[in-house]
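Shown next, in structure tokens, is the structure this report addresses.
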Amino acid sequence: MAESVLLLNQVCKSYAAGTPAETQVLFDIDLTVAQGEFAALIGPSGSGKSTLLNIIGLLDRPSSGRLFMTGKETSQLDEDSLTQLRGHAIGFVFQSHYLLTAFTATENVMMPMLMQAGRPDDAMRERAQSLLAQVGLTNWQDNLVGNMSGGQQQRVAIARALALNPPLILADEPTGNLDTKSTDAIFELMREVNRRQKTTFLMVTHNMDLARRCDRTIELVDGRIVTR
């Protein structure tokens with residue numbers, strides 16, 4: 001059996017805890033995602049998907065329960081340790097890609113490495129350009145991303161998410177702003193990365209066609225996992 005990259009045990013999340021306005025959003029979430037899996041997270045609006053994704057991405061803490069990332073239990077980690085673990089273990093791809101449009105594709109992909117090391121070097125540039133080649137953008141590596149199409153920008157975002165070779169990619173509606181042709185191309189690119197590098201993907205999507213093409217579908221309804 002493949003080693004787990006992500007494990008959640010009895011995770012709950014409440015807001016305004018201990019007050020009359022307390023609202024529980026997640027209930028007893030048990031979830032394991034294995035190395036090399038490509039899983040879809042689906043559910044209606046208001047089901048708790050964004051809250052769950054923020055907890056999995058180590059951007060928020062659960063109110064109770066335990067989360068293990070690459071085998072490391074996270075509840076006792078301080079903020080600096082969480083930031084360090086997040087930087088090494090997780091890559092993010094968003095619907096709005098959050099690229100720096102005044103910078104080139106290469107410079108954008110270098111950003112996670114630059115934030116880690118503090119100053120650019122030739123090895124970073126070579127790594128960035130190698131990743132851009134993997135996503136089919138060698139001819140665009142020196143172009144400003146503000147001059148690129150939406151599909152090309154999302155390819156840059158995927159390359160950036162891979163910059164530090166994380167074991168887990170969290171993709172939040174990565175094709176939500178793209179046309180049908182670009183949606184299919186981006187999905188197949190992520191699947192190819194998944195197959196080639198054994199990178200684990202957890203993709204939030206409302207696109208049921210894409211969800212059916214994943215290894216499995218995790219459905220969240222009213223803060224509870226109903227299908228896993």
Side-chain angles (χ1 to χ4, degrees), residues 5-6 33 35-39 41 50 53-54 56-59 69-70 82-178 182-205 210:
V5 169
L6 173 70
V33 180
Q35 180 181 0
E37 267 199 285
F38 197 111
L41 177 62
S50 294
L53 202 67
N54 283 340
I56 292 172
L58 308 180
L59 299 168
M69 181 66 64
T70 61
L82 277 178
T83 298
Q84 185 176 30
L85 179 59
R86 182 170 59 245
H88 284 88
I90 308 170
F92 294 89
V93 180
F94 301 99
Q95 178 175 339
S96 298
H97 38 69
Y98 300 112
L99 298 173
L100 301 173
T101 57
F103 288 77
T104 67
T106 296
E107 290 165 342
N108 271 274
V109 178
M110 288 173 63
M111 285 298 169
M113 296 178 279
L114 184 60
M115 291 177 65
Q116 183 184 62
R119 59 168 52 185
D121 58 32
D122 290 342
M124 287 183 199
R125 183 169 296 276
E126 290 172 7
R127 167 73 173 160
Q129 292 176 347
S130 173
L131 289 167
L132 288 168
Q134 290 181 37
V135 300
L137 289 177
T138 294
N139 292 337
W140 291 82
Q141 64 185 22
D142 296 322
N143 283 62
L144 299 179
V145 295
N147 296 332
M148 300 169 74
S149 71
Q152 289 171 325
Q153 290 176 342
Q154 199 62 299
R155 287 173 180 266
V156 175
I158 292 169
R160 180 185 60 187
L162 294 168
L164 297 177
N165 198 29
L168 174 65
I169 298 289
L170 298 180
D172 188 4
E173 293 285 358
T175 64
N177 290 331
L178 302 179
S182 297
T183 290
D184 191 63
I186 290 299
F187 180 80
E188 285 304 319
L189 173 61
M190 293 191 296
R191 281 299 266 170
E192 176 59 26
V193 170
N194 164 250
R195 296 185 191 105
R196 184 177 63 244
Q197 299 182 194
K198 305 301 182 186
T199 304
T200 303
F201 278 76
L202 179 61
M203 180 182 70
V204 175
T205 185
L210 295 186

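In this chain, residues are counted from 1 in sequence order. Note that these values count all heavy atoms, side chains included, but never hydrogens, waters or copies made by symmetry. This structure is a prediction, so every number in the text was calculated from the model and none was measured.
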Start with the C-alpha distance between Asn165 and Arg127, add both sets of side-chain angles, then the distance that settles side-chain contact (heavy atoms from CB on, under 4.5 Å), and finish with yes or no.
CA-CA 10 Å; Asn165 198 29; Arg127 167 73 173 160; 3.8 Å; yes

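- Residues Leu178 and Thr183 are in side-chain contact: their nearest non-hydrogen atoms beyond the backbone lie under 4.5 Å apart.
- Within 6.0 Å of CZ on Arg125 lie no more than 12 heavy atoms contributed by other residues, nucleotides or ligands.
- Taking the side chain as every heavy atom from C-beta outward, Leu100 and Glu107 never approach each other to under 4.5 Å.
- Atom CD1 of residue Ile169 and atom CG of residue Asn194 lie 10.5 Å apart, to the nearest 0.5 angstrom.
- Using modelled atom types, one side-chain atom of Ser149 and one backbone atom of Gln152 make a donor-acceptor pair closer than 3.5 Å.
- Sequence neighbours left out, not one pair with a member in residues 139-163 passes salt bridge (charged side-chain N to carboxylate O under 4.0 Å, His left out).
- Between His88 and Gln116, some side-chain heavy-atom pair lies under the 4.5 Å cut-off.
- Side-chain atoms of Asn177 come within 3.5 Å of backbone atoms of Gln95 as a donor-acceptor pair (strictly under, hydrogens ignored).
- Screening residues 183-204 for ring pair (Phe, Tyr, Trp, His ring centres under 6.0 Å), with sequence neighbours left out, gives Phe38-Phe187, Phe38-Phe201.
- One distance of note links CD of Gln35 with OG1 of Thr199; it measures 9.0 Å at 0.5 Å rounding.
- Counting heavy-atom neighbours within 6.0 Å of Gln84 CD, excluding the residue itself, gives a total of 12 or less.
- Taking CD of Gln134 as the start and CG of Leu189 as the end, the distance is 9.0 Å to the nearest 0.5 Å.
- Within the structure, the ring pair (Phe, Tyr, Trp, His ring centres under 6.0 Å) test picks out the following pairs touching residues 93-123 (sequence neighbours left out): Phe92-Phe94, Phe94-Tyr98.
- To the nearest 0.5 angstrom, Leu53 atom CG is 5.0 Å from Leu170 atom CG.
- The closest side-chain heavy-atom distance from Leu132 to Thr138 is not below 4.5 Å.
- With hydrogens and angles ignored, the 3.5 Å screen pairs a side-chain donor or acceptor of Thr106 with a backbone N or O of Gln141.
- Contact annotation: the side chain of Ile56 never approaches that of Ile90 to less than 4.5 Å [non-hydrogen atoms, C-beta and beyond].
- Using a 4.5 Å cut-off on side-chain heavy atoms (C-beta onward), Leu99 and Met148 make no contact.
- Looking at Thr200, its side chain does come within 3.5 Å of a backbone N or O of Gly36 through a donor-acceptor pair.
- Within the 3.5 Å criterion, the main-chain N or O of Leu59 finds no donor-acceptor partner in the side chain of Asn54.
- Separating the CG atom in Leu114 from the CZ atom in Arg119 is a distance of 10.5 Å, to the nearest 0.5 Å.
- Remark: Leu144 CG to Thr101 OG1 distance equals 8.5 Å, nearest 0.5 Å.
- For the pair Met203/Pro174, a side-chain contact is recorded, criterion being any heavy-atom separation below 4.5 Å from C-beta on.
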